[in-house]
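Notes follow once the structure below has been shown.
Proteins get letters first, then strands, A, B, ... in listed order; numbering begins at 1 in each.
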Amino acid sequence: MYDLNAQQKKAVECKNDLLIVAGAGTGKTKTIVSKISYYIEQGLLLPHQVLATTFTNKAAQEMKHRIESNIGPHASLIAIGTFHKLCLKIVQDNEELLNMSKVQVLPYEDQLALLKSIVRHMQYKSLKPSHLLEVLQRAKEKDVFDNLTVDELNILDIYQNRLKSMNALDFADLLSKTILLWENYPSVLDRYREQYKLICVDEYQDINEAQHRWIKLLSCETNQLCCVGDPDQAIYSFRGSDIKYILQFNEEFVGSEKIVLEQNYRSTDKIISSSNSLIRYNRKRIEKNLLPSVFSDRYVDVFVGMNAKEEYKGICDIIAKDRLINPQSTIAILFRTASQINEIEESLISANIKYSIVGSIQLLDRAEVKDIISYVKFLANPADIISFSRLLQAPKRGIGEATMEKISLADGSTVKEKIINVKDKISSASYEKLLNLIGQLELWAESKDAFPLLMEKVVNESGLFESLDTNRKENIMRWLDSIGEFKDKDEYINYLLWSNIKSDDDNNVQLMTVHAAKGLEFDIVFLPGWEEGVFPHILARANIEEERRLAYVALTRAKSYAVVSYVQSRMQYGKYGSVIPSRFIKELGSQSVQFKSFRSKSMTGKKVFHDLFGYGIVEETGMRHAQVLFGNEKKIVELSSISECK
DNA sequence: GTTCATTCCGTTTTT
DNA sequence: CGGAATGAAC
């Protein structure tokens with residue numbers, strides 16, 4: 001039966017509500033996939049009676065593929081997706097009841113742009129939009145507005161109204177609208193309850209209040225719930241996720257069972273042993289131990305470098321060496337923060353190592369690409385004033401913020417209507433320019449050209465291309481190349497919304513944040529920047545246990561080799577500052593870890609400093625330790641405990 | 001109203 | 001250091 005171990009098999013066959021506590025690499029996805037496939041193959045359920053939520057769209061895709069390879073093409077009838085995507089479908093199917101039409105989702109950048117324009121106009125200048133957005137989103141997710149200030153409530157009100165006039169929902173609305181629908185229309189809820197006989201929830205440790213309510217509403221006597229998660233991998237509390245839901249599962253769902261998967265099939269014993277050692281430092285946790293199935297002589301390496309340049313070069317050297325021996329191995333470099341990712345690019349380029357950046361960064365985040373995308377969005381939706389205000393500035397047309405603000409405050413649903421209604425309040429020259437532009441946009445919107453060809457025209461005829469420098473022109477060309485496969489603008493917009501950028505080549509070194517690496521695995525994983533303040537991050541002081549879980553997630557991504565590194569001096573804000581190694585390094589234990597230095601030269605004869613013993617001269621250097629003469633006293637100390645002096 | 005130069009200021013994670 | 005806000009000059 002799908003080649004499962006005893007515990008996994010028990011989970012697959014279980015007919016009650018079930019919580020699977022699945023440690024990293026214990027075959028969590030395999031178990032869900034097997035369970036769904038088993039129910040369908042046994043004729044116990046039809047594909048459309050199964051609903052499965054995943055954490056990312058990528059995970060949904062993967063799950064779909066794997067079920068398909070078990071049961072064949074009718075797997076496509078299973079409802080698999082993120083909460084947000086499933087909710088969007090439900091909202092769209094019930095638009096009349098919710099008093100909406102042609103609903104669209106407002107992506108993050110547009111939410112921010114909208115807030116910015118509200119804040120500026122309302123003279124709440126002291127409030128920072130990005131911070132404000134976070135506060136509002138969190139309040140909406142938790143459905144608790146008590147601790148918002150009067151100003152914030154005021155802004156939220158305007159924000160919601162503006163969303164409504166655009167027929168748009170933000171991410172939090174998707175869930176709350178669905179909950180609203182189910183709570184107000186029990187007959188609708190009953191329909192969903194009857195349809196979905198098996199409900200699977202992946203990454204249950206990272207659900208929030210709204211998602212919890214959603215699950216509670218949908219689950220009932222006549223259907224079966226199967227939740228999978230690992231409390232040690234909860235890393236999204238900043239988004240309102242709460243570990244308490246997984247901890248209380250069995251009390252909450254009466255008659256439910258629990259199965260714990262501890263047998264790890266992913267990583268070597270050395271990686272498992274240091275991961276176990278690390279996570280044991282958390283106090284709030286269910287005792288659980290990963291058991292290795294792969295044994296190896298290769299230790300987890302902890303490297304120290306003098307500075308970031310040496311660290312990144314050291315990483316590149318190791319990669320280059322490995323590429324000669326194992327050209328097929330998958331390699332990732334995982335960072336605590338997204339901004340660290342760009343720092344290593346230079347080293348990778350000069351070492352001639354191909355890489356891909358995974359996440360929302362890259363081409364789509366470049367300003368000029370966002371500009372051209374705002375044209376696409378506006379062509380698809382003439383009421384999209386946010387896209388309009390962006391494309392109005394690309395290229396510059398001599399119409400600025402003041403005019404734009406008047407337009408956005410005017411009556412009318414489409415931008416054209418607004419412009420016509422604001423005619424008297426703006427200069428006649430601006431008015432004429434605006435109408436011309438709208439006219440041109442309408443022509444493009446009605447054009448019968450294929451989408452890529454149309455966009456090429458837009459790029460040229462709008463004057464956008466001409467206004468850019470060479471570098472930016474290249475990015476636009478790359479973007480045009482990338483849209484070749486799309487039939488029309490709607491298909492492309494849909495793609496933008498739901499697909500994480502596919503890494504173009506699995507053989508490239510993958511660069512991403514630890515958060516983005518959740519659920520993935522690689523043969524070799526590099527973890528740079530393990531320093532106090534960076535990882536654990538200085539702003540996460542109050543939540544060290546979550547940072548430690550994050551470190552645990554990072555380490556357990558590695559199959560055969562993990563390299564942790566830190567530096568003695570790191571540049572921040574244009575200045576070098578000295579650095580303390582991350583507490584997580586010593587928490588890896590010493591049993592499965594080797595301490596090394598990126599410095600190729602031996603330290604013999606060098607003057608060094610030790611925290612306890614002070615200054616000394618190195619007499620001999622080993623792999624992990626050095627013999628140092630402190631005054632008259634010879635001591636053996638760990639390489640990581642000494643630093644070289646100039 | 002727009003553009004360019006100068007000053008200021010902050011450290012995170014994302015469907 | 002680098003992005004965002006501010007202010008001065010067309």
Side-chain angles (χ1 to χ4, degrees), chain A residues 53-60 81-88 105-109 111-112 116 119-120 125-126 128-131 133-134 137-138 140-141 169-175 202-203 206-208 210-211 233-241 308 334-343 358-361 365 367 392-393 395-406 426-427 429-430 433 467 496-500 512-519 529 531-543 546-547 549-551 553-554 570-577:
Chain A
T53 74
T54 60
F55 199 73
T56 62
N57 292 295
K58 198 174 177 184
T82 59
F83 278 98
H84 301 274
K85 196 165 186 179
L86 294 169
C87 285
L88 176 65
V105 180
L106 202 66
Y108 176 81
E109 304 88 57
Q111 294 169 26
L112 197 63
K116 268 185 190 158
V119 170
R120 188 163 331 131
K125 290 202 170 172
S126 57
K128 213 180 135 191
S130 57
H131 175 72
L133 182 58
E134 208 183 307
Q137 287 289 317
R138 201 167 303 172
K140 284 172 76 175
E141 261 159 8
L169 297 176
D170 64 18
F171 286 120
D173 289 335
L174 286 170
L175 270 146
D202 198 3
E203 310 282 8
D206 273 321
I207 61 162
N208 64 27
Q211 291 163 335
Q233 293 184 71
I235 55 174
Y236 277 89
S237 72
F238 69 93
R239 222 169 69 185
S241 306
L334 308 182
F335 303 86
R336 174 61 182 84
T337 69
S339 60
Q340 291 171 276
I341 295 178
N342 312 327
E343 297 173 8
V358 180
S360 56
I361 332 156
D365 257 17
L392 189 59
Q393 302 302 326
K396 300 278 185 218
R397 295 179 167 87
I399 296 170
E401 275 171 37
T403 307
M404 190 56 228
E405 195 140 315
K406 285 180 197 157
I426 59 178
S427 75
S430 297
K433 275 188 213 162
S467 71
L496 279 188
L497 196 55
W498 298 116
S499 69
N500 276 352
M512 67 190 95
T513 63
V514 181
H515 282 89
K518 179 185 178 123
E531 294 132 28
E532 287 294 309
V534 179
F535 199 2
H537 198 275
I538 190 161
L539 290 184
R541 276 195 231 84
N543 206 352
E546 179 144 315
E547 290 289 296
R549 288 194 291 269
L550 194 55
V553 169
R570 191 173 290 278
M571 164 114 69
Q572 46 190 355
Y573 300 123
K575 281 182 193 154
Y576 276 102

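Across the protein-nucleic acid pair, Leu334(A) atom CG and dT13(B) atom P stand 14 Å apart, rounded to whole Å. Asp206(A) has its CG atom 11 Å from the C1' atom of dT13(B), to the nearest Å. In this structure, the NZ atom of Lys518(A) is 21 Å from the P atom of dT12(B), given to the nearest Å. What separates CG of Asn543(A) from P of dT12(B) is a distance of 16 Å, to the nearest Å. Between the P atom of dT14(B) and the CG atom of Asn208(A) lies a distance of 16 Å, rounded to the nearest Å. Separating the CD1 atom of Ile235(A) from the C1' atom of dT14(B) is a distance of 10 Å, rounded to the nearest angstrom. Rounded to an integer number of Å, the gap from CG of Leu392(A) to C1' of dG1(B) is 12 Å. Per the geometry, CD belonging to Glu532(A) stands 15 Å off C1' belonging to dT11(B), to the nearest Å.
Note on Thr403(A): only backbone sugar-phosphate atoms sit closer than 4.0 angstrom, heavy atoms only; bases stay farther off. The residue Glu546(A) sits apart from the nucleic acid: no heavy atom pair falls under 4.0 Å. In this structure, Phe83(A) reaches neither bases nor backbone, as no heavy-atom distance under 4.0 Å exists between it and the strands shown.
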Practice item. Check the pair Asn543(A), Ser237(A) against side-chain contact (heavy atoms from CB on, under 4.5 Å), reporting the backbone distance first and the verdict last. Key: CA-CA 9 Å; Asn543(A) 206 352; Ser237(A) 72; 3.4 Å; yes

Point to revise | Worked verdict on Leu86(A) versus Thr53(A) for side-chain contact (heavy atoms from CB on, under 4.5 Å) | key: CA-CA 8 Å; Leu86(A) 294 169; Thr53(A) 74; 3.7 Å; yes

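Closest to the side chain of Asn57(A), from the set dT3(B), dT15(B), dT13(B), is dT15(B). You'll find that the side chain of Arg336(A) is closest to dT13(B), out of dT14(B), dT13(B), dC1(C). Closest contact between the side chain of Arg239(A) and the listed nucleotides dT13(B), dT12(B), dT15(B) involves dT15(B). Counting only heavy atoms from C-beta on, His537(A) has its side chain closest to dT11(B) among dT13(B), dT11(B), dC1(C). With dT14(B), dG1(B), dT15(B) as the candidates, the nucleotide lying closest to the side chain of Lys406(A) is dG1(B).
Judged by distance alone, with hydrogens and angles left aside, His84(A) brings a side-chain donor or acceptor within reach of the base of dT15(B), the pair sitting under 3.5 Å.
Comparing Gln572(A) and Lys396(A) against DNA chain B, the residue whose closest nucleotide sits nearer the 5' end is Lys396(A). When the nearest nucleotides of DNA chain B are assigned to Gln137(A) and Leu539(A) by heavy-atom distance, the more 5′-ward of the two goes with Leu539(A).
Under the 4.5 Å side-chain criterion, counting only non-hydrogen atoms from C-beta, Glu531(A) is not in contact with Arg336(A).
Going from the P atom of dT12(B) to that of dA5(C) covers 15 Å, rounded to whole Å. Atom name P, nucleotides dT13(B) and dA4(C): the rounded distance is 14 Å, in whole Å.
Between Thr513(A) and the phosphate of dT14(B), there is a side-chain N or O to OP1/OP2 separation shorter than 4.0 Å.
The aromatic ring of Phe238(A) sits over the base of dT13(B), with ring centres less than 5.5 Å apart and planes inclined by under 30°.
For Ser339(A), the side chain to side chain contact (heavy atoms under 4.5 Å, CB included) test picks out Thr337(A), with sequence neighbours left out.
For the side-chain hydrogen bond (donor to acceptor under 3.5 Å, both in side chains) with Asp206(A), the qualifying choice from Gln233(A), Lys518(A), Gln211(A) is Lys518(A), the only one to do so.
How far CD of Gln137(A) is from CZ of Arg239(A): 10.5 Å, rounded to the nearest 0.5 Å.
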